[in-house]
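Computed from a predicted model, the values in this text were never measured in an experiment. Just so it is clear, the values below take in all heavy atoms, side chains as well, and ignore hydrogens, waters and symmetry mates.
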Amino acid sequence: MTSFDTAARQIAGALKMAFNVGDWKAELDRSIDGVFGSFAAFLFAAPLVALFTLSARRAAARVPDFPETLYHTVPLPALLAADLATYALDWGVSLALLVMLARAGGASDRAAELIVGYNWIQPVIAAAQLPPIALMASTVSAAAGGFLGLSAFILTAFLIWGIIRRGLGVPPAQAAAAFVALALIGIVIDSVGSAALKAIYPA
């Protein structure tokens, strides 16, 4: 089991990788144990994803101008399971794509730092999504979380961009193509998951 201290150090290393600060390679554990251990990041990100789901459910119930969504109609246990499953699938497919791109570009030697960096940045990204929806739920206003939501989106994009740039070691144009591919993967997986929930729990 990965300790909180180890997780904190690796998350700090992933942040340095994303922001290209200092000798970030020295911060990340890129050993075989470190690579496999980095998948424990899911254990730290999953509770944050669940908390987001709970907050979104609360916002959907309380905010008058919150648009009709699955957060209104799907039972909470199914909603939590679906959000976690979608999150895990998106994470896994996106990481697999990045590793394939690294190998295709002759950067297999970067695979370890790419995997470790991408995995350990996920709890940070999951945490960044919480303030906007929590503010929305607490203030009973859909507009209240707008600015924070935009800020969270920009931060998430910047973090993923940084991991791609350093992890793949490619020029900006190729990094942009990889970034777009990850975004499309997320959209497709989210759409399929939403369609499945709508079929099971029609409004």
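- Other residues, nucleotides and ligands contribute only 12 or fewer heavy atoms inside 6.0 Å of the CD1 atom of Ile32.
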Self-check item: Evaluation steps, side chain to side chain contact (heavy atoms under 4.5 Å, CB included), between Ile189 and Val93
Solution: CA-CA 9 Å; Ile189 290 176; Val93 173; 4.2 Å; yes
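- With hydrogens and angles ignored, the 3.5 Å screen pairs a side-chain donor or acceptor of His72 with a backbone N or O of Ala60.
- The residue from Tyr118, Phe158, Phe179 that alone fulfils the side-chain contact (heavy atoms from CB on, under 4.5 Å) condition with Ile163 is Tyr118.
- In the hydrophobic cluster analysis, where Ile, Leu, Val, Met, Phe, Trp and Tyr join through side-chain heavy atoms closer than 4.5 angstrom, Leu114 is grouped together with Phe42.
- Hydrophobic clustering of Ile, Leu, Val, Met, Phe, Trp and Tyr side chains at less than 4.5 Å, counting indirect connections, keeps Leu54 apart from Tyr87.
- Ring planes of Trp120 and Phe44: tilted class, angle from 30 to 60°.
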Quiz item: Hey, mind stepping through Ile125 and Leu155 against side chain to side chain contact (heavy atoms under 4.5 Å, CB included) and telling me if it holds?
Solution: CA-CA 8 Å; Ile125 292 174; Leu155 175 61; over 6 Å; no
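- Side-chain N or O atoms of Arg166 include one that pairs as donor or acceptor with a backbone N or O of Met17 at under 3.5 Å.
- In this structure, Arg103 places its CZ atom where only 12 or fewer heavy-atom neighbours from other residues, nucleotides or ligands lie under 6.0 Å away.
- Under 3.5 Å, the side chains of Ser3 and Asp5 contain no donor-acceptor pair of N or O atoms.
- Put simply, the side chain of Gln129 never gets that close to the backbone of Phe52: no donor and acceptor are under 3.5 Å apart.
- At least one donor-acceptor pair under 3.5 Å links the side chain of Ser38 to the backbone N or O of Val35.
- Under a hydrophobic clustering in which Ile, Leu, Val, Met, Phe, Trp and Tyr are joined whenever their side-chain heavy atoms come within less than 4.5 Å, directly or via other members, Trp91 and Phe153 fall into different clusters.
- The structure places CZ of Arg62 at 8.5 Å from OG1 of Thr139, a figure rounded to the nearest 0.5 Å.
- At least one donor-acceptor pair closer than 3.5 Å links the side chain of Ser138 to the backbone N or O of Leu135.
- The backbone N or O of Tyr71 sits less than 3.5 Å from a side-chain atom of Arg57, completing a donor-acceptor pair.
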Self-check item: Lys25 and Glu113: CA distance, side-chain angles, deciding distance, side chain to side chain contact (heavy atoms under 4.5 Å, CB included) verdict
Solution: CA-CA 7 Å; Lys25 290 186 179 183; Glu113 60 203 49; 3.6 Å; yes
